[in-house]
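Structure, as structure tokens:
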Amino acid sequence: MYIARILYPVKVLGPGNRIAIWMAGCEHQCKGCSNPELWFQEEKQSISLNEIRSVIHALCNNYTVDGFTLTGGDPFFQPNALRELLPYLFTINKDILVYTGYQYEELKDRYEDIFKYITVLIDGKYKESENHGAVLIGSDNQQILYLDSSAKSKYQAYLRQTTSKIQNFDTSDGIISVGIHLPGFEQRLKSKAKDKGLKEHL
Ligand code: SF4
């Protein structure tokens, strides 16, 4: 499977301190996508389930993990990777939030075996003109679907209690900015960094 990055603790893509996994590959080409570098898969992103297990085990042994968020790219660009990964994640924590640019209706009959491991699905392409800074969703057309209805109250409380926030991680690949960014975010950040004489990693 092709995984671009794994970060912890991500607090802005679901309730609690989560392990977020960015899967590489996406065919939607949404205008204004904040991760166009993840549309394509690179050999260096190829990773086995065993390698992922050791990363996740190390995190879970040392920190509290409240859930997982899978984003990208589009996780459903790699359905077989989801078939491998999700049952394993599910044994650790059943709160699994997955983003996809497809509509649930398009996927549900084909991937019933995958959906039984997904707690919350956020579906639909990103539409820049409908990005109004909502929590969790990139644009108003996207739906939050509670595939496991028992998670609904937890997520609804999270949605009520928080505002859309950005978290920056200092990684070996430079600063990774996580969260739902408003349109023009990258240009504003680059211009601020330039004003302050900072080197550009974006
Ligand atoms: S589905 Fe997500 S990753 Fe893919 S192009 Fe749209 S916004 Fe970008």
Side-chain angles (χ1 to χ4, degrees), residues 1-7 10-14 18-47 52 67-83 85-86 89 96-108 110-111 114-115 117-147 155 159 164-169 171 173-190 201-202:
M1 66 187 83
Y2 292 84
I3 304 286
R5 65 183 79 110
I6 298 175
L7 292 175
V10 172
K11 300 166 189 282
V12 296
L13 295 176
R18 310 176 71 83
I19 295 178
I21 300 173
W22 279 260
M23 300 184 70
C26 180
E27 61 181 3
H28 302 296
Q29 301 189 8
C30 307
K31 183 173 173 288
C33 168
S34 55
N35 294 323
E37 75 282 8
L38 301 187
W39 292 358
F40 307 101
Q41 296 175 333
E42 296 175 37
E43 248 350 275
K44 66 178 183 187
Q45 296 161 335
S46 174
I47 184 168
I52 294 178
F68 296 97
T69 296
L70 273 61
T71 183
D74 189 329
F76 275 89
F77 191 77
Q78 301 184 67
N80 287 334
L82 292 177
R83 287 188 172 102
L85 184 57
L86 290 176
L89 300 180
I96 301 179
L97 165 64
V98 177
Y99 283 87
T100 179
Y102 301 100
Q103 297 283 328
Y104 177 54
E105 293 299 316
E106 294 174 67
L107 302 175
K108 71 173 187 191
R110 236 179 322 158
Y111 299 128
I114 295 177
F115 285 120
Y117 296 108
I118 297 179
T119 314
V120 177
L121 183 80
I122 298 185
D123 78 343
K125 286 188 188 181
Y126 170 65
K127 292 190 181 167
E128 197 169 30
S129 58
E130 295 183 33
N131 179 350
H132 299 115
V135 179
L136 281 185
I137 56 170
S139 52
D140 295 347
N141 59 300
Q142 295 175 327
Q143 315 179 83
I144 301 176
L145 298 161
Y146 301 100
L147 303 187
Y155 273 79
L159 290 166
S164 186
K165 293 194 182 94
I166 298 299
Q167 239 185 309
N168 293 317
F169 288 80
T171 75
D173 293 331
I175 303 288
I176 305 284
S177 190
V178 177
I180 309 295
H181 298 91
L182 284 167
F185 163 82
E186 198 173 322
Q187 287 73 12
R188 286 195 298 280
L189 188 63
K190 281 180 178 175
H201 287 288
L202 294 167

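Both ligands and their constituent atoms are indexed starting at 1 by order of listing. All residue numbers refer to positions in the sequence shown, counting from 1.
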request  = Please examine the side chains of I137 and I180, heavy atoms only from C-beta on, and report whether any two atoms are closer than 4.5 Å.
outcome  =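 No. Closest side-chain heavy atoms not under 4.5 Å.
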query = Side-chain contact, heavy-atom cut-off 4.5 Å: D173 with R5?
reply =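 Not touching, per the 4.5 Å side-chain cut-off.
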task = Output, in order, the C-alpha distance, side-chain angles, deciding distance and verdict of ring-ring contact (aromatic ring centres under 6.0 Å, His included) for F115 and F76.
result = CA-CA 11 Å; F115 285 120; F76 275 89; 5.4 Å; yes
inquiry  = If the test is side-chain hydrogen bond (donor to acceptor under 3.5 Å, both in side chains), which one of T71, D74, D123 qualifies with T100?
reply    =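 Testing each of T71, D74, D123 against T100, the sole residue satisfying side-chain hydrogen bond (donor to acceptor under 3.5 Å, both in side chains) is D74.
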ask   = For the side-chain hydrogen bond (donor to acceptor under 3.5 Å, both in side chains) test, which of Q41, E42, E43 pairs with Y2?
value =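 Testing each of Q41, E42, E43 against Y2, the sole residue satisfying side-chain hydrogen bond (donor to acceptor under 3.5 Å, both in side chains) is E43.
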Stepwise side-chain contact (heavy atoms from CB on, under 4.5 Å) test for L7 and T171 = CA-CA 9 Å; L7 292 175; T171 75; 4.0 Å; yes
message = Could you enumerate the protein N, O or S atoms under 2.8 Å from atom 4 (Fe) of ligand 1, written like residue then atom name?
response =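 Near atom 4 (Fe) of ligand 1, below 2.8 Å, one finds C26 SG.
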